Amino acid sequence: MDFNLLTTTENSRARAGVITTSHGTIETPIFMPVGTAGSVKGIHTHDLKEDIKAQIILGNTYHLYLRPGTDIIEKAGGLHKFNRWDKPILTDSGGFQVFSLGDIRKLTEEGARFQSHIDGSYHMFTPENVMDIQRTIGADIVMAFDECTPGNADFVYAKKSLELTQRWLDRCFTRFNETQPKYGYEQSLFPIVQGSTFTELRKIAVNHVKTFDADGYAIGGLSVGEPEEVMYEITEVATAGLPENKPRYLMGVGTPVNILESIERGIDMFDCVMPTRNGRNGMLFTSEGIINIKNKKWDNDHSPIDPNGTSFVDQYSKAYLRHLIISGEMLGSQIASQHNLAFYLWLVKTAREKILNGDFVSWKNEMVIKLKERL
RNA sequence: GGGGAGAUACCGAAGCGGUCAAACGGGGCAGACUGUAAAUCUGUUGGCUCAGCCUUCGUAGGUUCGAAUCCUGCUCUCCCCA
């Protein structure tokens with residue numbers, strides 16, 4: 001994998017670049033739609049590619065391991081073949097599930113013992129087997145197995161948690177480096193910077209991950225309950241310390257505003273369930289502001305969902321989409337998800353253009369005001 | 001013609017003398033959602049000059065300190081037998 005940093009802006013840390021992988025290039029900053037169980041919920045890969053213009057999508061180690069199971073994915077020839085997505089894929093390691101599954105898991109030095117949310121069966125994730133599973137899934141970018149520290153953790157816990165993540169990272173790289181890709185193309189391992197809301201810990205984490213000459217670096221443990229200003233502050237601390245010539249990935253973020261603010265702070269890659277999950281639940285992100293399409297005021301509004309939208313679904317009317325969502329029609333979820341994803345991709349693409357043109361910051365400041373508006 | 005059952009808030013449906021403005025579902029309205037245990041979850045749903053008051057349980061009366069709940073008349077629905 002290769003990263004070519006094209007430009008940085010003078011009055012901010014925002015940057016534009018190109019990542020080259022075995023499955024094609026990714027123009028950064030980029031948003032990566034989340035396809036947890038091997039599918040971006042409700043969206044065909046055809047539309048992902050042709051309409052939404054996604055360049056890379058996510059899969060999830062935990063979910064794919066439990067179902068359908070790595071043996072089936074291996075038999076398929078890897079996730080790209082299994083789900084018919086021939087562009088880059090990134091898999092999350094399951095670290096976030098270790099965090100979000102709460103009381104059905106237990107952390108030890110060895111790894112995370114957890115119960116399947118599907119059938120309650122017991123499983124063990126270790127840095128080693130998570131690397132092996134991700135080798136089998138065959139993602140272009142695989143994530144280190146970490147503990148996603150809660151946003152409200154105290155210093156003592158956060159420090160302990162970071163140290164565990166660091167020891168696990170060493171083991172991840174050791175295993176990763178002693179194994180080979182299974183399908184003939186290169187894979188890259190991204191370490192994850194933890195340290196919760198503590199600047200001091202984040203700096204330690206950054207210095208640690210830098211000791212590995214990784215193809216890219218992720219920042220995790222944000223947007224997990226801490227105040228937004230803290231998230232921005234920590235993002236800034238992290239990007240300031242990370243290598244310039246490698247992509248930086250802010251995991252799990254976020255709202256359109258979060259994304260623009262984080263691009264300004266030097267982030268290149270994002271993923272978030274928000275466009276799809278909130279879309280299914282009736283929330284639309286548009287260039288004019290946020291729409292809750294379930295609200296009664298749209299019931300007789302026959303204007304397009306987003307007149308400036310780039311997706312073909314944007315020509316459906318608000319009244320029709322409201323009807324579909326209210327009626328529980330699956331097409332409603334699909335249209336809303338597709339619109340939101342197309343909007344997110346438009347947003348990062350436009351941000352990129354503005355960075356390349358040198359007028360990112362002024363554009364961003366205007367956009368942020370609009371994007372916060374509730375229509 | 002004879003016998004029986006029933007009418008409760010937007011809909012369905014509990015309640016069967018006080019703790020009932022009335023359970024529960026649905027529908028309506030609103031909110032939440034950030035590396036997806038989410039096509040999920042939460043709140044609210046008679047009115048008002050709102051820690052109180054007013055109007056509501058088919059309808060008109062009655063019994064009672066007190067009724068959606070008991071009694072009588074009326075109206076309407078449904079079922080069975082002729």
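In what follows, chains carry the letters A, B, and so on, assigned in the order in which the sequence lines appear, proteins first and then strands, with residues in each chain numbered from 1. None of these values were measured; they are calculated from a predicted model.
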Sorted by number, residues from residues 221-228 of chain A placing a heavy atom under 4.0 Å from RNA chain B are A:Gly221, A:Ser223, A:Glu228

note: A:Arg280, atom CZ; B:A37, atom P; distance rounded to Å ~ 11 Å

Review point. For B:A37, does OP1 or OP2 lie under 4.0 Å from any side-chain N or O of A:Gln97?
Key: yes

Please determine whether any donor N or O and acceptor N or O are separated by less than 3.5 Å between the side chain of A:Asp146 and the base of B:G35. yes

Restricting both atoms to N or O, compile the protein contacts to nucleotides 27-30 of chain B shorter than 3.5 Å, with distance only.
unit_1, atom_1, unit_2, atom_2, d
B:C29, OP1, A:Arg322, NH2, 2.8
B:A30, OP1, A:Lys296, N, 3.1
B:A30, OP2, A:Lys296, N, 3.2

Checking N1-N3 plus N6-O4 or O6-N4 for Watson-Crick, or N1-O2 and O6-N3 for wobble, each under 3.5 Å, the partner of B:G1 is B:C81

Here the distance between atom C1' of B:U34 and atom CE of A:Met269, to the nearest Å, is 17 Å

request  = Would you tell me if any nitrogen or oxygen in the side chain of A:Thr276 comes within less than 4.0 Å of OP1 or OP2 on B:U36?
outcome  = no

Testing the 3.5 Å rule here: is there a donor-acceptor pair between the side chains of A:Lys318 and A:Ser303?
yes

Q: Please work out if A:Ser116 contacts a base, only the sugar-phosphate, or nothing of the nucleic acid, heavy-atom cut-off 4.0 Å.
A: nothing

Between CG of A:Leu347 and P of B:U34 the distance, given in whole Å, is 19 Å

Across all chains, not counting sequence neighbours, the side chain to side chain donor-acceptor pair (under 3.5 Å) partners of A:Glu244 are A:Arg248

Item to complete: Look at the side-chain N and O atoms of A:Arg277 and state whether any lies under 4.0 Å from the OP1 or OP2 oxygen of B:A39.
Response: no

Mate of B:U36 across any strand shown (Watson-Crick or G-U wobble, both atom pairs under 3.5 Å) is none

(Q) Taking the six-membered ring for Trp, are A:Phe212 and A:Phe173 closer than 6.0 Å centroid to centroid? (A) yes

Practice task
Verify whether one side chain among A:Arg135 and A:Gln187 offers a donor that lies under 3.5 Å from an acceptor in the other.
Solution key: yes

Between CG of A:Asn278 and P of B:A39 the distance, given in whole Å, is 12 Å

